[in-house]
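Here the structure comes first, spelled out in structure tokens, and everything after it is commentary.
We use all heavy atoms of the structure for the numbers below, so side chains are in, but hydrogens, waters and symmetry mates are not.
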Amino acid sequence: MPRPLTLLFSVPTGYNARELLTPLQEHLERDEAVGSVICLTPAAAAHQEIFPSFTKKFRFIANPARQTLHHKLLQQLAPDIVVTPTAGLDHHDTPILRASQQLNIPSLTFISSWDNVYKMERFQKYGKAYELADHLVVWNQMMHDHLRKIFPHLKSEAISIIGAPRLDFFTHTDRLPSKKTLLQHLGLPYDRGKIIHLATTELYPMGYIVQTIREAETSGKIPHQLHIYASVHPGGDLSKHRAYARQYGVVLGYSFGRRESSSHPNFLYNPTREEIYLLVALFKHADVLVNHSSTVAIESLFANVPVINVKYGQPLDWWRWYRSMVYRDFQQHYADITAGQATTIVHSKRELIQALNKDLADPGHLAAARQQTLKRIITTIDGTAGRQLLDKIKQIAVQRKT
């Protein structure tokens with residue numbers, strides 16, 4: 001019987017844990033071919049608080065302070081493969097990958113977000129530190145092609161297209177909280193009102209959007225009672241959004257999994273599986289998502305919920321709007337989402353009201369386009385991305401041993 005594998009995962013932040021370690025947790029625990037999972041993390045000293053649900057199969061070890069110490073640690077641990085969530089977008093990953101290459105230990109980077117190849121391109125352009133693993137795993141064909149364009153020496157067989165393991169949670173329908181449970185958690189009434197999920201951004205104000213929606217509701221231009229829940233990015237500033245929450249009766253909250261205090265600052269956001277299921281329930285039970293150019297549109301597509309992208313700024317604010325990162329997103333990576341016309345892009349108050357009315361009256365009118373775009377963005381939509389990723393990790397590790 002072959003020796004069980006020892007896998008080493010870099011876990012630099014709670015965001016990365018959500019993308020990689022947490023979705024793979026159950027697979028890793030059940031897989032008898034995996035004997036030990038070493039988690040290299042700055043939160044190792046507080047792992048009992050930060051990773052309370054992980055079994056003894058997982059060992060948590062602190063990141064060394066210097067490159068030479070990374071080399072010594074990996075030599076001592078002798079993992080069969082090193083897995084990172086970035087190629088250097090988080091600085092903890094670069095020395096791990098360099099040490100693995102020095103020691104001829106196979107390495108794999110799961111590029112953890114659909115837009116991270118654009119960030120890698122900027123790292124390369126401006127000479128920032130990064131390190132390419134032996135094998136890269138991406139969400140989709142577009143990311144694969146973009147990597148080949150940026151790094152022409154990369155062979156196609158060094159890049160696997162698998163998808164996003166964290167989105168497997170959307171297929172666990174038997175574990176999702178009910179609509180009533182979700183609304184109780186949010187402090188919203190459980191009635192016939194329509195739920196508008198407003199995904200805020202730190203890159204541009206959104207009060208003018210809330211004002212338009214509330215005024216249209218009050219005047220009868222939108223013939224529904226609306227409950228607006230505004231989610232704030234877990235790394236954002238809640239205080240920036242309180243003004244319109246007070247003025248327009250919006251319920252405001254951080255994305256589930258944000259901690260006001262944590263034993264390590266990198267893990268202020270570190271959602272548990274239960275919190276991830278609660279977040280999935282939000283996307284499933286909302287009636288419409290309204291946002292500028294947020295990644296959460298992908299989640300709404302998976303939930304088959306209409307998405308409205310607001311592509312206009314505040315009145316008389318043209319200079320700031322066209323210079324904003326939000327507007328730039330529409331011209332760059334966000335076009336990967338909007339190209340399939342699975343979302344409704346609005347350019348004025350009038351178009352926003354029209355889009356809301358259409359989506360509330362006929363939520364299925366873009367269902368086919370949503371499905372096609374979702375398949376193009378995340379590739380694997382049947383809940384098996386995590387299993388496929390672990391299989392790829394094991395395959396590379398076993399090849400090394402043989």
Side-chain angles (χ1 to χ4, degrees), residues 8-26 28-29 37-65 69-70 73 83-86 88-96 110 112-113 116 119 164-167 169 175 177 182 185-187 199-203 229-242 245 251-283 294-296 299 386:
L8 187 148
F9 283 77
S10 172
V11 192
T13 72
Y15 294 95
N16 299 128
R18 180 196 70 158
E19 297 284 350
L20 186 57
L21 188 64
T22 302
L24 293 187
Q25 179 183 358
E26 289 188 351
L28 289 164
E29 289 174 346
V37 181
I38 301 166
C39 300
L40 208 55
T41 175
H47 73 271
Q48 291 181 328
E49 174 209 329
I50 292 175
F51 302 103
S53 67
F54 285 74
T55 66
K56 292 181 179 179
K57 195 174 199 177
F58 295 81
R59 295 171 57 196
F60 295 88
I61 299 176
N63 296 79
L69 296 178
H70 280 82
L73 178 63
V83 181
T84 70
T86 80
L89 298 182
D90 190 287
H91 70 277
H92 290 92
D93 288 335
T94 311
I96 300 171
F110 170 65
S112 57
S113 183
N116 275 3
K119 296 176 183 177
R166 71 173 176 84
L167 296 178
F169 289 107
R175 304 190 192 183
L182 170 72
H185 182 86
L186 296 178
T200 67
T201 175
E202 305 300 297
L203 303 176
Y229 175 72
S231 61
V232 177
H233 188 279
D237 184 354
L238 202 72
S239 65
K240 289 184 178 180
H241 309 281
R242 285 201 177 103
V251 174
L252 188 67
Y254 279 118
S255 184
F256 308 130
R258 157 81 182 220
R259 311 276 183 262
E260 291 307 313
S261 63
S262 173
S263 296
H264 196 282
N266 287 18
F267 291 83
L268 289 174
Y269 177 64
N270 185 37
T272 62
R273 296 178 71 86
E274 291 73 20
E275 288 167 331
I276 291 173
Y277 286 128
L278 198 59
L279 184 61
V280 172
L282 171 61
F283 288 107
S294 173
T295 291
V296 299
E299 279 92 331

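- Shortest non-hydrogen contact noted between Thr94 and Gly88 is OG1-CA, 3.4 Å.
- Taking the six-membered ring for Trp and thresholds of 30 and 60 degrees, Phe60 and Phe51 have nearly parallel ring planes, at less than 30 degrees apart.
- Pro85 places none of its side-chain heavy atoms less than 4.5 Å from the side chain of Tyr15.
- Pro165 has its side chain out of reach of Glu19: every pair of non-hydrogen atoms, C-beta onward, lies at least 4.5 Å apart.
- One finds no salt bridge joining Lys57 and Glu26 here, because no Lys/Arg side-chain nitrogen approaches an Asp/Glu carboxylate oxygen to under 4.0 Å.
- Side-chain contact check for Arg166 versus Glu299: some heavy-atom pair is nearer than 4.5 Å.
- The distance from the NE2 atom of His47 to the CD1 atom of Ile61 is 10.5 Å, given to the nearest 0.5 Å.
- Note: Leu20 CG to Gln25 CD = 12.0 Å, rounded to the nearest 0.5 Å.
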Residue pair Asn270, Ser262: steps toward the side-chain contact (heavy atoms from CB on, under 4.5 Å) verdict: CA-CA 9 Å; Asn270 185 37; Ser262 173; over 6 Å; no

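- Separation of atoms CD1 (Ile276) and OG (Ser255) is listed at 9.5 Å; rounding is to 0.5 Å.
- Taken from CD1 in Ile96 to NE2 in His91, the straight-line distance is 10.0 Å, to the nearest 0.5 Å.
- Not a single donor-acceptor pair under 3.5 Å links the side chain of Asp93 to the backbone N or O of Ser10.
- Glu29 is listed as a side-chain neighbour of Phe58, based on a closest heavy-atom distance under 4.5 Å.
- Between Ala62 and Leu73 the shortest heavy-atom distance is O-CD2, 4.3 Å.
- Proximity of a side-chain donor or acceptor of Ser294 to a complementary backbone N or O of Ala199 within less than 3.5 Å is not detected.
- Here the closest heavy-atom approach between residue Leu182 and residue Ala281 is recorded as CD2-O, 3.6 Å.
- Residue Glu202 holds its CD atom at 8.5 Å from NE2 of His233, rounded to the nearest 0.5 Å.
- For the pair Pro271 and Thr22, the minimum side-chain heavy-atom distance is 4.5 Å or more.
- Closest non-hydrogen pair, Ala164 versus Phe110, comes out as CA-CZ, 4.3 Å.
- Residues Thr200 and His241 share a closest heavy-atom pair of CB-CE1, 3.6 Å.
- Formation of a donor-acceptor pair under 3.5 Å by the Thr13 side chain with backbone atoms of Asn16 is found in this model.
- Here the CG atom belonging to Asp90 is positioned 9.5 Å from the OG1 atom belonging to Thr84, to the nearest 0.5 angstrom.
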Residues Leu252, Arg242; criterion side-chain contact (heavy atoms from CB on, under 4.5 Å); working and verdict: CA-CA 8 Å; Leu252 188 67; Arg242 285 201 177 103; 4.0 Å; yes

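- Ring pair His185/Phe256: centre-to-centre distance below 6.0 Å.
- Side-chain contact between Ile38 and Phe9: absent, with no pair of heavy atoms (C-beta onward) separated by less than 4.5 Å.
- Using a 4.5 Å cut-off on side-chain heavy atoms (C-beta onward), Ser231 and Tyr229 make contact.
- Scanning all heavy atoms of the two residues, the minimum distance from Tyr269 to Arg258 falls at CD1-N, 3.8 Å.
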Asn266 vs Thr41, side-chain contact (heavy atoms from CB on, under 4.5 Å): CA-CA, chis, key distance, verdict: CA-CA 10 Å; Asn266 287 18; Thr41 175; over 6 Å; no

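- The side-chain heavy atoms of Ser53 and Arg273, taken from C-beta on, include no pair separated by under 4.5 Å.
- Between Tyr277 and Phe169, the ring-plane angle classifies as perpendicular under the 30° and 60° cut-offs.
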side-chain contact (heavy atoms from CB on, under 4.5 Å) between Phe54 and Leu21, intermediate numbers included: CA-CA 10 Å; Phe54 285 74; Leu21 188 64; 3.7 Å; yes

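- Of the possible polar contacts, none joining the Arg259 side chain to the Phe267 backbone as a donor-acceptor pair under 3.5 Å is found.
- Without hydrogens or angle criteria, Thr272 side chain to Glu275 main chain gives a donor-acceptor distance under 3.5 Å.
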